[in-house]
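I have placed the structure first, in the form of structure tokens, so that the comments after it can refer back to it.
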Amino acid sequence: SQQGEEDPQALSIQEGENATMNCSYKTSINNLQWYRQNSGRGLVHLILIRSNEREKHSGRLRVTLDTSKKSSSLLITASRAADTASYFCALTHPIIQGAQKLVFGQGTRLTINP
Amino acid sequence: DGGITQSPKYLFRKEGQNVTLSCEQNLNHDAMYWYRQDPGQGLRLIYYSQIVNDFQKGDIAEGYSVSREKKESFPLTVTSAQKNPTAFYLCASRPTGGPSNTGELFFGEGSRLTVL
């Protein structure tokens with residue numbers, strides 16, 4: 001399968017705690033992206049990490065990529081109730097037939113309890 | 001403001017009817033995509049278009065059709081041949097080539113189709 005697999009499928013933590021979500025994949029990638037989706041809304045891009053990068057930060061977000069293990073993690077520090085959403089990893093594979101497709105995983109549903 | 005507009009937000013359809021979902025973008029993006037999302041699931045690619053007057057089937061194109069007559073517009077028709085059309089449909093766009101090509105997709109707010 002070309003898609004990533006997120007783990008866990010659901011995560012519930014207390015406000016202020018850190019949340020970690022993982023994404024594993026099986027084939028080579030160009031880059032890996034994380035998106036957020038509030039219930040019933042469109043997806044919003046959070047962060048992109050290229051295959052030659054190991055770690056990136058954006059505000060309270062930290063993404064790591066281990067290409068040898070074919071896995072990535074998204075860490076949200078000091079969680080807030082507003083972080084409650086589904087989080088998806090999306091993979092970009094090497095261009096096939098002139099097109100570059102983004103393949104999404106099943107997502108992790110994160111709930112932050114006040 | 002620049003963005004992607006999907007309409008309608010909610011749509012009800014009787015079995016056997018075709019419906020068309022609208023997707024318009026004013027971001028000057030070349031590539032546009034249609035995804036389907038079922039409850040609690042990820043996104044599956046229906047069709048995508050890299051350039052005007054050209055489009056390719058995604059992973060679940062059966063029962064759907066698209067057109068790309070203008071750069072700004074990429075409508076999706078859900079035909080009566082689609083066996084289970086009730087779902088949340090998401091349109092997205094992305095620039096291709098040049099320094100603006102970060103690979104990031106910009107999404108609309110989605111259209112929820114229910115077949116009665």
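These numbers were taken from a predicted model, which means no experiment stands behind them. Here is the naming used below: chain letters follow the sequence lines, and residue numbers restart at 1 for every chain.
Heavy atoms from other residues, nucleotides or ligands lying under 6.0 Å from CZ of A/Arg54 number more than 12. Counted within 6.0 Å of NZ on B/Lys57, heavy atoms from surrounding residues, nucleotides or ligands total 12 or fewer; the atom is thus considered open. The 12-atom threshold is exceeded at CD of A/Gln14, counting heavy atoms of other residues, nucleotides or ligands nearer than 6.0 Å. Other residues, nucleotides and ligands contribute more than 12 heavy atoms inside 6.0 Å of the CG atom of A/Leu75.
Contact annotation for A/Gln9: neither backbone nor side-chain heavy atoms come within less than 4.5 Å of a heavy atom of chain B.
Under a hydrophobic clustering in which Ile, Leu, Val, Met, Phe, Trp and Tyr are joined whenever their side-chain heavy atoms come within less than 4.5 Å, directly or via other members, A/Leu43 and B/Leu76 fall into different clusters. Linking ILVMFWY residues whenever their side-chain heavy atoms come closer than 4.5 Å, directly or via other members, leaves B/Phe88 and B/Val66 in distinct clusters. With hydrophobic clusters built from ILVMFWY side chains whose heavy atoms lie under 4.5 angstrom apart, A/Ile76 shares a cluster with A/Leu32. At a threshold of 4.5 Å between side-chain heavy atoms, the hydrophobic network of Ile, Leu, Val, Met, Phe, Trp and Tyr places A/Tyr25 and A/Ile49 in one connected group. B/Phe107 and B/Trp34 are members of different hydrophobic clusters when ILVMFWY side chains are connected at heavy-atom separations under 4.5 Å.
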> Which is it for B/Glu104 and A/Leu46 under the side-chain contact (heavy atoms from CB on, under 4.5 Å) test, yes or no, and what are the steps along the way?
Replying inline: CA-CA 9 Å; B/Glu104 171 187 351; A/Leu46 295 176; over 6 Å; no
> Given B/Gln37 and A/Phe88, is the side-chain contact (heavy atoms from CB on, under 4.5 Å) satisfied, shown in steps?
Replying inline: CA-CA 12 Å; B/Gln37 186 178 33; A/Phe88 295 89; 3.5 Å; yes
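Against chain B, the residues from residues 105-114 of chain A that qualify, each with a non-hydrogen atom under 4.5 angstrom away, are A/Gly105, A/Gln106, A/Arg109 in number order. At a heavy-atom cut-off of under 4.5 Å, chain A is reached by B/Glu109, B/Arg112 from residues 109-116 of chain B, listed in order of number.
Annotation: side chain of A/Arg41 is not in contact with side chain of B/Leu90 (no heavy-atom distance under 4.5 Å).
In summary, of the residues considered (B/Tyr48, B/Tyr35, B/Tyr33), a side-chain contact (heavy atoms from CB on, under 4.5 Å) with A/Leu102 occurs for B/Tyr35 alone.
Residue with the most contacts toward chain A among B/Leu45, B/Leu105, B/Ile4, B/Asp59: B/Leu105 (heavy-atom pairs, distance under 4.5 Å).
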